[in-house]
Colleague: 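Handing you this structure, nothing more for now.
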2 protein chains.
Amino acid sequence: MAELRPNSIPTDDDPPIDIADPLCAVFRRKLKAEGAKYTPERAQILDAIIRLDGMFEAETLQEHLKDRGQRVSKATVYRTIKLLQEAGIIQRVLFEDEQAHYQLVYGRRPSDLLIRVDTGEVIPIQVPELQQIRDRLAKEHGLKIQSHRLQVFAVGEGTKG
Amino acid sequence: MAELRPNSIPTDDDPPIDIADPLCAVFRRKLKAEGAKYTPERAQILDAIIRLDGMFEAETLQEHLKDRGQRVSKATVYRTIKLLQEAGIIQRVLFEDEQAHYQLVYGRRPSDLLIRVDTGEVIPIQVPELQQIRDRLAKEHGLKIQSHRLQVFAVGEGTKG
DNA sequence: CTTGGTGCAAACATTTTGCAGCACA
DNA sequence: TGTGCTGCAAAATGTTTGCACCAAG
């Protein structure tokens, strides 16, 4: 049976976050909490993600590291991505692609996405209405909403599909 | 560069659809239109999808076929899935899983999803508010919205994440 | 020092593709 | 009766894992 459960979708109502708190400290705390180590590779990866800021894939990330002369192995990239997901710092954001896309989410309201299918551009958007939609769904279904994901696909005005 | 563009997200404002029109006829028409053939394998695959009705993966699909004594190769399953996507009959719906999930969408308003992360259950939902959200986004960004995808993740009331 | 981390390469899982023979239109 | 389709097996991706050596705490 396929595993339908998201790896670790951060619950929106997790403890409120101090935005000013450097992500690296957050990561360190998480690592220490489970007896793991804060290595240069992990620091470099988190750093690269902060620099990339928007969306990234494992490969992109590794290339950016390489461009800075920081050689980190594929294995370590993937392993660290997993840790950062567990820490709620990044989140997987899949498109219709076979490659996993990630997004920095810690300390930000997880943004919904407007995706231009003609250019590939990804525009973060805010959709306040979703809060009431979530509330309604929770009530209607007797469930506790943890998070959501909205992707809106669009093309430029003049573009012909 | 990664391909960000969805393979073929059916545009919501495609020509209106006669729900009564058997999917198989739709598929046939599409195949004929491009000089392709309507083979038993393709018929069996579409049939299995209609029987499955909800969500499915390539593997599930092949197993269902096998259970009915219809041996279709992996290659043909994938090739046909691609054709059905192009025909707007099914749509890819990815979760946080590495395996692609598909959904029958032809002749239905593509539904948004409520996903129970504790049980893996997937509940189709209707969110009428999205229409005005889409309209607003279109105006704000000067884009033409083609489609969207909303996934809401929830757990049962008593469940502790 | 001890435990956990890294890189490498091999293993994996899913999807795609090349090719020879088969079958629909 | 020709073009497109199928199955098979091999290739291509993207991600994970085993292992020997190395380094953080």
Side-chain angles (χ1 to χ4, degrees), chain A residues 1-4 6-8 24 27-46 48 55-63 65-66 69-87 90 92-102, chain B residues 1-4 6-8 24-25 27-46 56-63 65-66 69-86 90 92-102:
Chain A
M1 190 17 91
E3 180 56 83
L4 285 185
N7 278 332
S8 150
C24 105
F27 192 29
R28 245 147 129 163
R29 214 178 298 138
K30 180 246 165 29
L31 291 172
K32 173 165 282 180
E34 56 185 45
K37 293 167 184 170
Y38 185 69
T39 66
E41 287 84 357
R42 288 176 183 175
Q44 288 166 11
I45 288 170
L46 178 49
M55 214 108 4
F56 65 96
E57 308 94 59
E59 209 189 337
T60 323
L61 190 49
Q62 203 187 1
E63 273 164 19
L65 287 165
K66 193 186 292 177
Q70 301 169 329
R71 275 189 42 72
V72 179
S73 72
K74 216 172 32 172
T76 295
V77 169
Y78 280 110
R79 286 190 277 233
T80 304
I81 283 177
K82 192 166 285 175
L83 288 172
L84 289 165
Q85 279 184 266
E86 289 166 18
I90 63 175
R92 239 175 157 170
V93 185
L94 295 182
F95 300 156
E96 293 285 324
D97 199 6
E98 55 305 299
Q99 201 172 190
H101 296 252
Y102 301 88
Chain B
M1 200 0 84
E3 181 54 84
L4 286 185
N7 278 333
S8 151
C24 104
F27 192 28
R28 244 147 127 163
R29 215 177 298 139
K30 179 244 166 29
L31 290 173
K32 172 165 284 179
E34 56 186 48
K37 292 169 185 171
Y38 185 68
T39 67
E41 289 84 357
R42 289 176 181 175
Q44 287 166 11
I45 288 171
L46 178 50
F56 65 96
E57 307 95 60
E59 210 188 337
T60 323
L61 189 51
Q62 203 187 1
E63 275 164 17
L65 287 165
K66 193 186 294 178
Q70 301 169 329
R71 274 188 42 71
V72 179
S73 74
K74 218 172 28 169
T76 295
V77 169
Y78 281 109
R79 285 190 277 234
T80 304
I81 284 177
K82 192 166 286 176
L83 288 172
L84 289 164
Q85 280 184 264
E86 289 167 19
I90 64 175
R92 240 175 156 171
V93 185
L94 294 182
F95 300 157
E96 291 287 320
D97 201 6
E98 56 303 300
Q99 202 172 188
H101 297 253
Y102 301 87

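Scope of the values below: all heavy atoms of this structure, side chains included, with no hydrogens, waters or symmetry mates. Here is the naming used below: chain letters follow the sequence lines, and residue numbers restart at 1 for every chain.
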Colleague: Closer than 4.0 Å, any side-chain N/O of B:Arg42 to the OP1 or OP2 of D:dT6?
Modeller: yes
Colleague: What's the shortest heavy-atom distance between B:Leu46 and B:Cys24, and which atoms?
Modeller: CD2-CA, 3.5 Å
Colleague: Taking CZ from B:Phe27 and P from D:dC5, how many angstroms apart are they, rounded to a whole number?
Modeller: 10 Å
Colleague: Identify the two heavy atoms, one from A:Ala48 and one from A:Leu65, that lie closest to each other, and give their separation to 0.1 Å.
Modeller: CB-CD2, 3.9 Å
Colleague: Near DNA chain C, which residues from residues 31-39 of chain B have a heavy atom under 4.0 Å away?
Modeller: B:Lys37, B:Tyr38
Colleague: Between B:Lys37 and B:Leu31, which heavy-atom pair has the shortest distance, and what is it?
Modeller: O-CD1, 3.6 Å
Colleague: Please name the pair of heavy atoms, one in A:Ile45 and one in A:Thr76, separated by the smallest distance, quoted to 0.1 Å.
Modeller: CD1-O, 3.9 Å
Colleague: Just by distance, do the side chain of B:Gln62 and the backbone of B:Val72 share a donor-acceptor pair under 3.5 Å?
Modeller: yes
Colleague: Taking all heavy atoms of B:Val77 and all of B:Ala58, pick out the closest pair and write down the distance.
Modeller: CG1-O, 3.9 Å
Colleague: Can you tell whether the side chains of B:Glu86 and B:Lys82 come within less than 4.0 Å, N to carboxylate O?
Modeller: no
Colleague: Classify every nucleotide of nucleotides 16-21 of chain C by which part a protein heavy atom approaches to under 4.0 Å, writing B for the base, S for the sugar-phosphate alone and - for neither, in 5'-to-3' order.
Modeller: BBB---
Colleague: Among C:dT6, D:dT6, C:dG7, which nucleotide sits nearest the side chain of B:Glu41?
Modeller: D:dT6
Colleague: Quick one: side-chain contact (heavy atoms from CB on, under 4.5 Å) partners of A:Ala43, sequence neighbours excluded?
Modeller: A:Tyr38
Colleague: Are OP1 or OP2 of D:dC8 and a side-chain N or O of B:Arg71 less than 4.0 angstrom apart?
Modeller: yes
Colleague: Do any side-chain nitrogens or oxygens of B:Ser73 fall under 4.0 Å of OP1 or OP2 in D:dT6?
Modeller: no
Colleague: Let me know the distance between CD of B:Gln44 and C1' of D:dG7, rounded to the nearest Å.
Modeller: 14 Å
Colleague: Using atom CD1 of A:Ile45 as one end and atom P of C:dG5 as the other, report the distance to the nearest whole Å.
Modeller: 13 Å
